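Take a look at the structure set out below.
In this text, all values refer to a predicted model and were calculated from it rather than measured experimentally. To find a chain, count down the sequence lines: A is the first, B the second, and so on, and within it residues start at 1.
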Amino acid sequence: MTQVNRLDGGLIDRDTPLDFTFDGRRYGGFAGDTLASALLANGVRLVGRSFKYHRPRGIISAGSEEPNALVELREGARREPNSRATMTELHDGLVARSQNRFPSLGFDLMAVNDRFSAFLGAGFYYKTFMWPKAFWERVYEPLIRQAAGLGALSGDPDPDVYDRGFRHCDLLVIGAGPAGLMAALTAGRAGAEVILVDEDFRAGGRLTMERETVAGINGADWAAEAAAELVSMPNVRVMPRSTAIGVFDHGIYSVLERVADHLPVPREGTPRQILWRVYAKRAILAAGATERLIAFDNNDRPGIMQASAVRGYVNRWAAAPAERIAIFTNNDDGHRTAADLAAAGVEIAAIIDSRPDAPASDVAELFAGAVVSNSSGRRGVGHVTLRLADGGRKHVSCGALAVSGGWNPNVHLTCHHRGRPQWQENIAAFVPGDGVPPGLAVAGAARGIFSTAGALADGRDQALAQLAELGIKVTSATVPEADDTPVKITPLWHVGGTGRAWLDQQNDVTVKDVGLAHQENFRAVEHLKRYTTLGMAGDQGRTSNVLGLAVMAELTGKTIADTGTTIYRPPYTPTPIAAFAGRSVGRNFRPTRLPPSHHWAAEQGAVFVEAGSWMRAQWFPREGEVHWRESVDREVLATRRSVGVCDVSTLGKIDIQGNDAGAFLDLVYSNRFSTLPVGRTRYGLMLREDGMVMDDGTTARLGETHYLMTTTTANAVGVYRHLEFVRQCLRPDMDVQLISATDSWAQFAVAGPNARRVLQAVVDSQHDISNEAFPFMACRAISVCGGVPARLFRISFSGELAYEIAVPARYGDAMIRALMAAGEPHDITPYGTEALGVMRIEKGHVTGNELNGTITAHNLGMAKMVSTKKDSIGAVLAGREALVAEDGLCLVGLQAIDGDHVTAGAHMFAESTPVDAAHDEGYVTSAAWSPHIGASIGLGFIVRGANRHGETVRLMNPLEGRSARARICSPHFIDPEGERLRG
Amino acid sequence: MASLTAITALGGITACDKTIGGIRIVEIADCCLASLAMRRGKAASFRKAAKKALGTDLPAPGQWTGNDTHGVIWMGPDQFLVEAETGTADLAGGLAASFGGAASITDQSDAWVRFDITGKDVPAMLERLSAADTRLMQGGAAVRTPIHHMLCVLVRRDAYISFTIYGPRASAQSLHHALTATAASL
Amino acid sequence: MKKLGGYSGFRILREGLTGNRGWRPAWRDPEPQPAYDFVIVGGGGHGLATAYYLASRYGEASVAVLEKGWIGGGNVGRNTTIIRSNYLLPGNEPFYEFSLKLWEGLEQDLNYNAMVSQRGVYNLYHSDGQRDAYRRRGNAMILHGADAELLDAAQLRAEMPFLNFDNGRFPIQGALVQRRGGTVRHDAVAWGYARGADRRGVDIIQNCEVTGFRIQNGRCIGVETNRGFIAARKVGCAVAGSSSRVMQAAGMRLPIESHVLQAFVSEGLKPVIPGVVTYGAGHFYISQSDKGGLVFGGDIDMYNSYAQRGNLPVVEDVCEGGMTLMPMIGRARMVRMWGGIMDMSMDGSPIIDHTPVDGLYFNGGWCYGGFKATPASGYCFAHLLATDTPHETATAFRLDRFRRGMMIDEKGSGAQPNLH
Amino acid sequence: MIIEHPLLGPRDSQEFTCLGDASLLQRPDAFAGDAADTFFDYQYLRDNPAGTHRELWYHEMGDRSWLVLTRDTRTHEILAVELASDVVTSGGRS
């Protein structure tokens with residue numbers, strides 16, 4: 001439990017000690033630690049294994065760019081693979097494990113891959129595993145798949161809740177380093193609505209990790225004061241632990257707030273993370289920069305780190321990566337590292353500065369013009385080999401190597417609209433180039449201004465520019481004094497050697513791999529990336545891309561600027577899939593719609609089925625019924641013999657009014673509605689403009705200028721949209737108003753020979769609903785049950801004498817109970833969607849099964865309904881040659897013979913043709929057992945069907961190894977003359 | 001024969017009233033609503049009739065206007081939702097008489113479920129539910145916008161932090177779940 | 001197959017022992033010749049495959065592929081790598097089955113391991129109506145010689161216990177499965193065809209943008225490029241995503257709109273998902289790559305776009321579907337999202353046909369199903385270019401089918417490209 | 001994307017449904033002699049420019065207005081938004 005590498009000082013809370021485990025071993029840390037800093041403080045260097053060669057790997061960085069220190073966090077269903085130790089805030093009881101190793105991190109059998117690296121270079125798999133052919137899927141691929149991947153998912157549903165949120169602001173500032181803080185202060189003091197997001201849990205960015213002075217005080221303290229001032233402003237929202245992961249069109253930023261990742265589990269009912277959609281009029285990217293490594297042989301050993309990270313661990317977390325540290329640099333930052341280590345009392349093994357004109361050092365031995373050419377050590381660096389300016393070699397023993405290769409501005413978000421960064425020679429780095437998202441400015445190190453003073457001033461200046469564009473006046477905006485050291489760098493990308501020098505440590509891409517890509521003509525940057533996988537790891541190349549490009553540029557003899565760069569895509573940092581989904585998951589994936597009789601149906605023990613977004617009663621089982629067919633047959637027979645009732649409120653209902661309502665319907669329906677008398681209902685066929693049937697339903701004329709259209713349940717939304725299109729886009733000259741009435745009405749079909757008797761018991765007596773006064777297809781506003789307003793329609797889907805009675809939705813529950821009571825003398829039977837389906841097939845009514853978007857009125861035998869005397873949508877294109885062909889598909893009825901069963905989805909063949917695609921004549925769309933007929937029946941489409949009634953066809957279902965024979969007949973199995981429904 | 005008993009959109013005999021943390025969510029039953037759509041070419045008489053029948057000017061886009069007896073929500077171009085006091089007899093019929101041929105009127109009392117939400121945490125709750133900038137909604141603002149895939153209407157009648165949310169009646173339970181779960185997660 | 005320069009395990013051993021110095025460029029970078037018999041515009045999967053089959057199957061020696069950027073940079077390089085032949089309609093199914101058969105022999109044919117992995121494609125159904133439609137489709141597949149199985153919920157649960165059978169909004173009732181479906185390493189397809197074509201003498205010319213067609217007396221005699229005029233006996237365009245832009249230069253308006261389709265990949269994970277799964281009640285499909293990344297996607301963004309990037313609503317819609325279907329992926333992290341430009345046709349099916357201009361041929365309208373079609377598209381386009389007759393599996397992909405009412409509309413969505 | 005609704009101001013495009021090319025406003029005369037050709041062209045052929053595009057969007061999760069957007073398909077920049085009914089009524093159908 002001793003923290004062997006813990007130093008004095010730092011920004012940790014030593015009054016709050018924390019326990020955690022890594023690979024089962026217990027360690028101690030403090031509040032304010034990250035998992036990475038705590039591991040280093042405990043002297044743990046080896047934390048993971050690499051993807052391909054299973055090389056031992058340690059912590060490289062102190063930020064979200066970390067490619068190596070990926071661990072599994074937590075246990076059970078909360079197991080979280082590939083978590084960056086550098087971004088994991090320590091909490092008490094935290095459990096972490098290393099990944100991608102077997103049997104243990106220290107001894108990993110798969111490390112044998114490293115021995116065979118000569119055969120496992122870039123793209124080797126494209127060149128082998130081809131013989132014998134069958135071996136790929138049976139042998140090679142399973143082995144590769146098992147070896148691939150880093151961490152493992154738990155396999156259980158994620159138990160946590162995620163949420164979404166929406167925030168609006170004048171200015172979004174991304175990053176709370178010196179530039180971001182100064183930008184937010186400038187805008188906040190000017191009264192602008194500001195949101196400041198920062199991925200760290202502590203504001204300040206590099207100021208938390210450096211020993212710098214701002215406004216005369218310690219930089220970290222200044223940052224804390226600035227953050228406190230911002231928090232106190234009502235017009236500013238400061239969001240720590242929040243990463244801007246993507247820039248979308250028109251100033252929409254996606255920000256992931258890690259609400260509870262620093263806690264053992266989220267507070268009950270609260271989200272683990274919130275994905276905020278921030279609508280920002282303007283934004284400033286102040287995301288800082290990422291330090292580069294330098295490639296040399298075996299530069300991937302645990303302990304070899306970014307020098308900036310070493311400073312961060314020492315200064316902020318009081319954790320020394322090792323007792324003795326060497327420094328390798330190509331710029332002045334290396335010397336800053338030396339000064340900080342010296343101040344903290346950490347032994348400095350040497351400063352190796354590749355520049356012959358390196359500044360002198362008074363804290364450590366300096367090797368100017370020298371490079372590190374190799375490292376050695378078992379599970380971590382033990383010493384490094386130097387190639388000195390004079391060509392000599394020298395070994396330096398050390399437990400860590402701090403590498404300063406220069407800084408890459410974090411331009412990632414500027415690429416999210418496919419903008420390309422451009423090369424800036426004086427800092428040897430890419431800075432934001434063309435195609436930065438509109439409204440996004442870049443400040444500070446993110447655009448190559450690396451000094452603290454420069455970043456502060458730039459943060460203010462960028463904010464002033466943005467405020468000016470927003471028309472917000474600023475009276476004064478001063479910048480505190482701070483360090484202003486210029487950058488001096490002499491690029492050094494990689495040190496030549498005979499071994500392997502790593503570029504992309506997570507994906508195991510080396511300088512040699514880039515060489516091979518060059519040799520094989522994968523020279524375009526995108527080819528390089530895809531062939532070697534350089535930059536395709538979780539850090540999207542933040543630690544590797546520029547090195548790889550520089551190596552390729554050397555090989556091709558081009559400049560880095562001419563070589564170009566790949567671009568970054570959202571998300572900026574890896575983001576849990578659950579966070580994008582928010583609360584719309586599981587049962588709440590989409591809203592559930594309940595018909596007005598739902599509670600009553602549930603009381604009856606109904607079995608429910610999802611019909612689009614609706615829950616509908618499928619059937620109402622009675623005691624003793626063991627198979628659904630028993631219930632459905634009973635419901636059908638009871639309805640046809642006496643009376644049944646069904647909630648049909650789910651059908652779309654659209655109220656259409658206006659002086660031109662009739663003309664409007666004439667345009668949207670194939671048949672005519674302007675001639676429909678008031679108080680009558682008519683079946684309407686609606687086509688798409690391409691001539692295919694879009695929907696059908698009945699439309700009633702309630703008044704001279706008032707119609708009520710019904711649509712199928714499935715198409716209610718689409719039809720409404722289509723009607724609005726016709727109204728607003730095609731005929732805005734017409735006087736027509738639309739409004740949905742679907743939710744307003746509870747509507748029940750009452751069907752069967754006793755339907756009228758039941759209704760007469762509920763309809764108020766002043767309304768005469770006798771056959772004479774209220775014939776088939778009549779409709780009328782009435783009242784029921786002593787004055788409750790209602791509408792009655794005499795329409796029939798079942799083919800029986802039937803009505804649909806509608807009451808305001810609030811009375812739906814009471815209405816079904818009243819109907820059941822009124823129908824008791826007639827043994828009224830509630831029926832569900834299954835019985836509804838059986839009866840409509842028996843009657844030959846089509847539904848979505850038939851109206852599949854490729855069916856014309858011609859196919860349905862309804863060509864005559866498409867009036868040619870008026871203009872209606874779809875009429876012209878329905879006349880195309882192939883759509884009116886003589887041998888087209890025709891709707892038919894099918895009745896199984898010899899006790900066979902009709903199966904929807906079977907294909908139809910004539911009696912004696914081969915069963916193959918060439919002789920396929922049609923397909924079955926709907927099937928049901930008809931208790932009325934006592935046979936399995938169905939509907940389907942078959943070529944020339946209208947002329948084939950009486951013919952026997954084979955219904956082939958090779959998918960399930962079944963076939964059946966059926967006789968083609970009229971689709972109207974029941975009462976083809978329509979006597980029942982007019983009775 | 002007994003008259004029929006109404007149930008609320010959530011399926012209760014009485015309306016649901018829940019307080020979760022700093023938020024109270026009240027289902028308002030017995031809404032009295034009607035859609036009011038202007039007939040083409042009748043702008044002048046439509047406005048005149050509205051002033052007379054409702055005692056208020058029609059709201060501009062994105063707005064609500066109202067008084068002691070009526071509220072009017074802008075729903076779309078030339079289309080409004082009229083709110084009347086609970087128990088108003090035949091709102092739609094009365095409006096039809098007032099507007100004559102200048103408007104198309106449709107009863108909407110049963111088309112919507114209404115929840116009134118109040119409490120100090122309402123702004124925090126709404127920013128989790130709606131993309132609309134609800135902080136900018138002052139008294140008299142009305143926005144049609146989706147909440148969890150449901151097309152809703154958000155109304156803020158006055159300066160008091162109180163919003164009315166109308167949602168599709170058939171989706172009442174899903175909407176109520178969205179509101180309560182969010183209130184519990186703040 | 002162990003000929004000089006060929007790829008094999010033996011060669012890898014030999015090269016590995018000798019410093020990997022013997023590997024040659026996978027394809028040359030030749031200067032364009034003044035004239036070719038065949039010029040293929042577009043160095044994507046379909047264009048490269050066309051050139052490969054022209055050379056390898058039709059014995060054509062004078063072929064060039066012109067690519068404005070780097071080869072394989074279009075949709076073959078930005079898709080979700082799925083192959084399948086689970087189509088319903090007679091205009092489509094023979095073609096996609098032909099393609100699947102070509103995939104099955106591709107690696108040996110090309111001497112390039114594109115990692116064709118037939119781990120199965122599972123289309124889930126959630127209602128009786130959807131099951132019936134899948135039954136019709138599965139039967140159509142079998143009648144055309146493809147494989148198909150209909151699983152019920154219990155059978156599916158046995159194979160994929162991690163699906164959300166018990167707590168989803170829409171019940172999972174079963175799946176239509178094509179076992180021979182699966183995935184292929186997408187970039188490798190372009191590289192494999194490029195290498196195969198190059199070795200048969202095809203000139204692959206990168207950074208060569210076609211700026212116009214030279215048309216004389218109604219006949220196309222070559223193309224104008226940023227590297228000069230290149231004469232050709234026949235010109236074939238295979239530039240899906242940019243079809244409208246390119247064909248406009250020949251004066252054509254197409255039944256095509258360009259839309260953005262986004263796709264997503266997670267960090268590498270140990271294997272959890274065996275095959276390709278598509279959700280039938282939302283817009284979501286997923287597979288796991290050999291590297292371990294979850295590769296998933298959903299619907300197009302619905303608006304015309306050439307931007308090669310999309311927006312948040314679709315990202316969220318896809319992840320909502322994914323989390324509802326398999327809630328175990330919640331803590332997997334997405335590392336990258338990207339977008340490709342889709343040639344969305346008016347019936348959801350492609351076009352492989354000659355154009356009204358003699359000597360000019362068109363291949364496009366692939367919607368978001370172009371990747372799996374790559375081998376057959378190349379083969380059939382090569383057949384059309386070489387013989388001037390449509391290949392027997394591609395007779396329905398005609399330009400005039402909309403005028404004649406012979407749409408090949410699998411979804412029945414009609415003339416609205418963003419619904420296909 | 002954010003669509004500047006002519007009546008309601010900025011709204012998230014998630015509230016809208018996109019139909020496509022605004023040429024769909026120009027429905028041909030069904031009784032003209034060449035109706036078969038004009039309807040084919042109207043329904044099936046598209047300009048599909050890489051650049052400025054006029055297209056129809058429907059505020060389905062909002063006020064149910066149909067809008068005509070003028071939008072750059074390369075950058076997604078929206079240059080103009082009009083009510084479709086205004087476009088048609090003013091005669092500038094495309």
What option among [options] has the most heavy-atom pairs under 4.5 Å with chain D?
options	result
Gly414(C), Pro417(C), Ser243(C), Ala415(C)	Ala415(C)
Ser242(C), Ser305(C), Ser345(C)	Ser305(C)
Arg309(C), Glu257(C), Gln308(C)	Glu257(C)

Heavy-atom contact with chain D under 4.5 Å, split by part of [X]:
X	answer
Met344(C)	neither
Leu254(C)	backbone
Gln416(C)	side chain
Asn304(C)	both
Glu316(C)	side chain
Arg245(C)	side chain

Under a 4.0 Å N-O cut-off, is there an ion pair linking Arg54(D) with Glu82(D)?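 Salt bridge: yes.
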Need one label for [X]: side chain, backbone, both or neither, based on atoms under 4.5 Å from any heavy atom in chain C.
X	answer
Leu19(D)	both
Asp72(D)	neither
Glu55(D)	side chain

Parallel under 30°, tilted from 30 to 60°, perpendicular over 60°: which one fits the rings of Phe296(C) and Phe284(C)?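 The rings of Phe296(C) and Phe284(C) sit tilted, inter-plane angle from 30° to 60°.
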I need the minimum non-hydrogen distance between [X] and [Y], along with the two atoms involved.
X	Y	result
Thr73(D)	His76(D)	O-CD2, 4.1 Å
Leu360(C)	Ala250(C)	CD2-CB, 3.6 Å
His354(C)	Leu384(C)	N-CD2, 3.8 Å

Whether the Asn48(D) and Tyr306(C) side chains hold a donor-acceptor pair (N or O, under 3.5 Å, no angle test) is what I'd like checked.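 The answer is yes; a qualifying pair exists.
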Could you measure the distance from the NE2 atom of His5(D) to the CZ atom of Phe16(D)? Nearest 0.5 Å is fine.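 Rounded to the nearest 0.5 Å, the NE2-CZ separation comes out at 5.5 Å.
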Ring centers of His259(C), Tyr368(C) separated by less than 6.0 Å: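 Distance test on ring centres: not under 6.0 Å, no.
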